[in-house]
Amino acid sequence: MKQTKKTDLPPVEPVVDPRELTPEDPFYSETLRSLATSHPEMMPNPVPICVSCPASNWFVADDSLNCFCMQLRRYPWTPGRSFPLCDSRGPARAAMRAKRTE
């Protein structure tokens with residue numbers, strides 16, 4: 001059985017509504033919303049799915065943008081590393097929606 005190498009994998013496209021990856025989304029990161037106007041050069045490109053996930057914690061440290069996922073307990077996105085899919089995002093958004101309606 002042939003093992004798949006990272007380089008053999010095709011690029012993965014996010015399976016989300018593209019509007020969820022914009023600042024208009026209610027779960028879009030406040031840190032990124034601020035950086036988009038103050039330091040647009042720091043914005044992630046391509047846009048990772050974490051930009052609109054309530055479990056993500058975006059921050060700037062040592063002049064570098066970082067993202068820590070409180071659900072995965074790791075740094076899923078770092079500069080130069082794309083993160084297009086995640087099973088934790090949907091449940092995190094649903095939980096936050098439920099809290100908002102309580």
Side-chain angles (χ1 to χ4, degrees):
M1 182 173 179
K2 182 184 171 192
Q3 280 197 323
T4 304
K5 298 178 190 173
K6 278 175 95 172
T7 56
D8 295 338
L9 298 174
V12 178
E13 294 295 321
V15 189
V16 298
D17 183 333
R19 292 172 295 188
E20 292 181 4
L21 302 179
T22 66
E24 290 75 35
D25 185 82
F27 298 112
Y28 194 83
S29 162
E30 290 298 324
T31 296
L32 295 179
R33 208 175 262 136
S34 175
L35 283 177
T37 55
S38 65
H39 293 85
E41 72 281 0
M42 293 182 77
M43 292 296 290
N45 188 13
V47 176
I49 200 159
C50 314
V51 298
S52 59
C53 179
S56 67
N57 182 16
W58 288 89
F59 62 97
V60 175
D62 300 323
D63 296 326
S64 180
L65 180 63
N66 293 279
C67 176
F68 181 78
C69 177
M70 295 175 281
Q71 194 79 10
L72 299 174
R73 295 189 176 106
R74 63 179 290 196
Y75 293 88
W77 180 89
T78 54
R81 181 175 169 212
S82 178
F83 199 77
L85 296 172
C86 180
D87 284 342
S88 298
R89 183 177 175 276
R93 287 174 64 94
M96 187 61 76
R97 274 190 209 100
K99 281 184 181 181
R100 288 181 174 180
T101 59
E102 288 178 351

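- Looking at heavy atoms from C-beta onward, Leu65 lies in side-chain contact with Leu35 at the 4.5 angstrom threshold.
- Between Cys86 and Gln71 there is no side-chain heavy-atom pair separated by less than 4.5 Å.
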**Request:** Decide yes or no on salt bridge (charged side-chain N to carboxylate O under 4.0 Å, His left out) for Asp25 and Arg93, but give the supporting numbers first.
**Result:** CA-CA 11 Å; Asp25 185 82; Arg93 287 174 64 94; 3.0 Å; yes
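- Taking hydrophobic clusters as Ile, Leu, Val, Met, Phe, Trp and Tyr residues chained together by side-chain heavy-atom distances below 4.5 Å, Leu72 does not share a cluster with Phe68.
- Contact check for Leu32 versus Pro44: side-chain heavy atoms found under the 4.5 Å cut-off.
- In the hydrophobic cluster analysis, where Ile, Leu, Val, Met, Phe, Trp and Tyr join through side-chain heavy atoms closer than 4.5 angstrom, Met70 is grouped together with Phe59.
- Within a 6.0 Å sphere centred on CZ of Arg100, heavy atoms belonging to other residues, nucleotides or ligands number more than 12.
- Evaluation of the ring-ring contact (aromatic ring centres under 6.0 Å, His included) test over residues 22-58, restricted to residues two or more places apart or in two chains, returns Trp58-Trp77.
- Distance CG/Asn57 to OG1/Thr31: 7.0 Å, rounded to 0.5 Å.
- In this structure, Asn66 contributes its side chain and Ser64 its backbone to a donor-acceptor pair below 3.5 Å.
- Residues Pro76 and Ile49 form no side-chain contact, since every pair of their non-hydrogen atoms from C-beta on lies 4.5 Å or further apart.
- Distance OG/Ser38 to CZ/Arg33: 13.5 Å, rounded to 0.5 Å.
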**Request:** Walk me through it: do Cys67 and Val51 pass the test side chain to side chain contact (heavy atoms under 4.5 Å, CB included)?
**Result:** CA-CA 9 Å; Cys67 176; Val51 298; over 6 Å; no
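- Without hydrogens or angle criteria, Ser34 side chain to Glu30 main chain gives no donor-acceptor distance under 3.5 Å.
- Shortest non-hydrogen contact noted between Thr22 and Arg19 is OG1-O, 2.8 Å.
- Inspection of the Ser52 and Arg89 side chains reveals an N or O donor paired with an N or O acceptor under 3.5 Å.
- Both Val60 and Val47 are part of a single hydrophobic cluster, where members link through side-chain heavy atoms under 4.5 Å apart.
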